[in-house]
Amino acid sequence: MYDVGPLVRYLENRAYETIDTRTKLERKQATAERRHGRKDLSLVQQLSSARPAEAKAIALADEVALLARWLRDDILPVAGPEYAIRRDLFDFVVAELRAREPACPDRIRPVRTLLEKQRDTLFGLRCGTGP
């Protein structure tokens, strides 16, 4: 969880930055309309790309935060589902991170790779043991 938390915070901050960018562009557009009576075409273009970028960043941050909560609350605690279910859930979380990797590879890949390496330690597969 020490490595997943910073990833979640980074993605949340990135999402907030995209919200801020879109908000500033909308304010500039409103000012341009008020002053000139029409929209600024360059701002229209910028807004048309800022809105989908904002939606993607928010979705990614929300999805990774949910995966992190599952790890923290359902998979890694001592009390929880039986061993096989926890292992399957862990594998699911890692697969979901892999699926989201193209959206932010420089941040997601190292965390996903670390989780894959820790899987053996967490679930005792190196020793061939399990609960």
Side-chain angles (χ1 to χ4, degrees):
M1 286 309 301
Y2 289 109
D3 298 302
V4 177
L7 171 64
V8 170
R9 282 188 297 283
Y10 171 81
L11 294 173
E12 286 173 346
N13 288 337
R14 197 170 88 163
Y16 284 123
E17 288 171 9
T18 61
I19 293 168
D20 187 48
T21 298
R22 190 243 334 129
T23 302
K24 286 178 181 177
L25 288 169
E26 286 178 346
R27 279 192 209 127
K28 284 182 181 179
Q29 186 67 282
T31 301
E33 281 187 74
R34 208 173 31 253
R35 287 185 180 164
H36 305 293
R38 59 184 167 78
K39 292 183 177 186
D40 181 328
L41 293 179
S42 69
L43 290 173
V44 169
Q45 280 186 318
Q46 290 175 39
L47 274 166
S48 69
S49 62
R51 288 182 179 123
E54 174 190 20
K56 286 179 185 178
I58 291 170
L60 181 63
D62 287 346
E63 292 164 358
V64 172
L66 177 62
L67 294 171
R69 279 194 303 277
W70 286 347
L71 274 174
R72 183 189 66 225
D73 298 340
D74 300 325
I75 299 168
L76 298 178
V78 174
E82 65 183 53
Y83 170 76
I85 293 172
R86 290 157 70 119
R87 188 188 60 229
D88 290 344
L89 288 171
F90 186 86
D91 291 342
F92 173 79
V93 167
V94 171
E96 291 299 310
L97 284 172
R98 183 187 306 275
R100 283 152 183 78
E101 210 169 282
C104 188
D106 57 321
R107 295 296 179 128
I108 296 175
R109 181 178 296 123
V111 172
R112 183 209 26 98
T113 303
L114 183 64
L115 286 173
E116 287 176 337
K117 290 177 184 174
Q118 290 176 346
R119 180 186 188 273
D120 292 343
T121 304
L122 290 170
F123 296 104
L125 296 179
R126 280 204 179 126
C127 310
T129 61

Stepwise side chain to side chain contact (heavy atoms under 4.5 Å, CB included) check, Arg72 with Val4: CA-CA 10 Å; Arg72 183 189 66 225; Val4 177; over 6 Å; no
Quick one: do Glu33 and Arg38 satisfy side chain to side chain contact (heavy atoms under 4.5 Å, CB included)? Show the steps, please. CA-CA 5 Å; Glu33 281 187 74; Arg38 59 184 167 78; over 6 Å; no
In the structure I gave you, are the side-chain heavy atoms of [X] and [Y] within less than 4.5 Å of one another anywhere?
{"X": "Gln29", "Y": "Val44", "answer": "yes"}
{"X": "Glu26", "Y": "Arg51", "answer": "yes"}
{"X": "Leu115", "Y": "Leu71", "answer": "yes"}

Mind checking whether [X] and [Y] sit in one hydrophobic cluster, side chains of I, L, V, M, F, W, Y counted as touching below 4.5 Å?
{"X": "Val8", "Y": "Tyr16", "answer": "no"}
{"X": "Tyr10", "Y": "Ile58", "answer": "no"}
{"X": "Ile108", "Y": "Phe92", "answer": "yes"}
{"X": "Leu114", "Y": "Leu97", "answer": "no"}

Taking all atoms of both residues into account, what is the closest heavy-atom pair of [X] and [Y], and its distance?
{"X": "Ala15", "Y": "Ala61", "answer": "CB-CB, 4.2 Å"}
{"X": "Ala103", "Y": "Arg14", "answer": "O-NH2, 3.5 Å"}
{"X": "Pro105", "Y": "Pro102", "answer": "CD-O, 3.5 Å"}

Which residues end up grouped with Leu47 if you chain together Ile, Leu, Val, Met, Phe, Trp and Tyr wherever their side-chain heavy atoms are less than 4.5 Å apart?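 Leu25, Leu43, which link up through side-chain heavy atoms under 4.5 Å apart, make up the rest of the cluster.
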May I have all residue pairs that pass side-chain hydrogen bond (donor to acceptor under 3.5 Å, both in side chains) and include part of residues 92-103, sequence neighbours excluded?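 Applying side-chain hydrogen bond (donor to acceptor under 3.5 Å, both in side chains) to every pair that reaches into residues 92-103, excluding sequence neighbours, yields Glu63-Arg100, Glu96-Arg100, Arg98-Glu116, Glu101-Arg109, Glu101-Arg112.
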Say you draw a straight line from [atom1] of [X] to [atom2] of [Y]; how long is it, rounded to the nearest 0.5 Å?
{"X": "Thr18", "Y": "Leu60", "atom1": "OG1", "atom2": "CG", "result": "10.5 Å"}
{"X": "Ile75", "Y": "Asp88", "atom1": "CD1", "atom2": "CG", "result": "10.0 Å"}
{"X": "Gln46", "Y": "Thr21", "atom1": "CD", "atom2": "OG1", "result": "10.0 Å"}
{"X": "Ile19", "Y": "Glu54", "atom1": "CD1", "atom2": "CD", "result": "5.0 Å"}

Under a 4.0 Å threshold between the charged nitrogen and the carboxylate oxygen, would Arg119 count as salt-bridged to Asp91?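 Salt bridge between Asp91 and Arg119, a charged N being under 4.0 Å from a carboxylate O: yes.
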side-chain contact (heavy atoms from CB on, under 4.5 Å) involving Glu82 - partner list, sequence neighbours excluded: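 Listed in chain order: Ala84, Ile85.
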Is a side-chain N or O of Thr113 found less than 3.5 angstrom from the main chain of Pro110, in a donor-acceptor match?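 Checked: no pair found.
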